[in-house]
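Here is the structure we will look at, set down as C-alpha cells.
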Amino acid sequence: MNIGIDIEEVKRFEKYVKDKDYLERVFANDEISYCMPKKQPAQHLAARFAAKEAVWKALSAKNKKLIITDISIKNTQSGKPEVYIKNKRYKKVDVSLSHTDKYVVAAAIVF
C-alpha cells in the first residue's frame with residue numbers, strides 16, 4: 001500500500017484559466033471540459049492537479065516511467081473522483097479531494 005498527498009494554492013491556477021496551451025499540456029480534455037464551465041474554474045483545475053500529483057506520488061515508487069499527463073481524474077455520475085491512467089480506469093487507487101477558497105488538497109491511496 002502507498003499513499004500520496006498534495007496541496008495547491010488556488011491563486012496559482014487563476015492565471016492558467018486563460019492559458020489554453022498550459023491547459024492542454026497538463027490536463028486531459030475531459031478534465032478541461034469539467035473544470036472550465038464551473039463558477040470558479042481555477043479551484044477545480046487546482047483540485048484536479050493536486051489529485052494527479054497525489055496519484056503520481058503514490059504510484060511513482062512502482063512505476064518510474066509514469067508522468068503526470070498520463071493521469072487524469074474523472075467523476076462518476078454521483079461525483080466521486082476516479083483515477084485514469086492513459087485513459088483506462090485504474091481501480092487500484094482511491095483519491096479524495098477537498099478545497100477551500102484558497103487551497104485544495106488531494107490524497108491518493110494505492111492498494
Side-chain angles (χ1 to χ4, degrees):
M1 183 182 292
N2 286 335
I3 188 167
I5 190 166
D6 192 59
I7 186 169
E8 298 290 336
E9 191 173 10
V10 173
K11 185 177 181 178
R12 175 179 162 215
F13 287 83
E14 289 172 357
K15 64 184 173 190
Y16 299 134
V17 169
K18 295 181 181 172
D19 187 344
K20 186 178 178 183
D21 290 336
Y22 174 83
L23 293 177
E24 290 177 349
R25 198 170 50 250
V26 175
F27 297 98
N29 288 334
D30 289 346
E31 293 172 310
I32 296 168
S33 297
Y34 173 80
C35 296
M36 295 311 287
K38 301 291 186 181
K39 186 177 179 180
Q40 296 179 351
Q43 187 180 63
H44 293 275
L45 290 168
R48 289 291 183 269
F49 186 84
K52 291 157 77 88
E53 280 282 320
V55 169
W56 181 82
K57 289 173 183 177
L59 290 175
S60 64
K62 293 182 180 185
N63 186 347
K64 300 289 184 194
K65 295 180 182 181
L66 183 68
I67 58 175
I68 197 164
T69 55
D70 293 337
I71 303 164
S72 62
I73 309 299
K74 300 178 186 181
N75 287 32
T76 64
Q77 291 267 353
S78 66
K80 180 183 184 294
E82 292 182 327
V83 176
Y84 286 75
I85 306 285
K86 296 183 180 179
N87 296 317
K88 292 185 181 181
R89 172 77 170 96
Y90 196 79
K91 296 179 182 180
K92 295 182 179 183
V93 179
D94 276 337
V95 66
S96 180
L97 315 173
S98 190
H99 58 80
T100 67
D101 289 338
K102 293 182 180 184
Y103 298 98
V104 299
V105 65
I109 297 177
V110 180
F111 48 93

Query raised in the report: Apart from Val95 itself, what residues make up its hydrophobic cluster, given side-chain heavy atom links below 4.5 Å?
Result: Val55, Trp56, Leu59, Leu66, Ile71, Ile73, Val83, Ile85, Tyr90, Val93, Leu97, Val110
Query raised in the report: Which pair of non-hydrogen atoms, one from Arg48 and one from Cys35, has the smallest distance, and what is that distance?
Result: CG-SG, 3.8 Å
Query raised in the report: Going only through I, L, V, M, F, W and Y residues with side-chain contacts under 4.5 Å, is there a path from Met36 to Val10?
Result: no
Requested in this report: Tell me whether Leu23 is reachable from Val17 by hopping between hydrophobic residues (I, L, V, M, F, W, Y) whose side-chain heavy atoms are closer than 4.5 Å.
Outcome: yes
Query - Minimum side-chain heavy-atom gap Ile5-Lys57 below 4.5 Å - result: no
Query raised in the report: Listed by chain and number, what are the ring-ring contact (aromatic ring centres under 6.0 Å, His included) partners of Tyr84, not counting sequence neighbours?
Result: none
Query raised in the report: Would you say the side chain of Thr69 lies within less than 4.5 Å of the side chain of Arg25, judging by non-hydrogen atoms?
Result: no
Requested in this report: Please determine which of Val104, Val105, Leu45 meets the side chain to side chain contact (heavy atoms under 4.5 Å, CB included) test together with Glu8.
Outcome: Val104
Report task. State which residue, out of Arg89, Lys92, Lys88, fulfils the salt bridge (Lys or Arg N to Asp or Glu O under 4.0 Å) condition with Glu82. Result -> Arg89
Query raised in the report: Relative to the ring of Tyr16, is the ring of Tyr22 parallel (under 30°), tilted (30 to 60°) or perpendicular (over 60°)?
Result: parallel
Query - Gln43 side-chain N/O to Thr100 backbone N/O, donor-acceptor pair under 3.5 Å - result: yes
Requested in this report: Check the surroundings of atom NZ in Lys11: do more than 12 heavy atoms from other residues, nucleotides or ligands lie under 6.0 Å from it?
Outcome: no
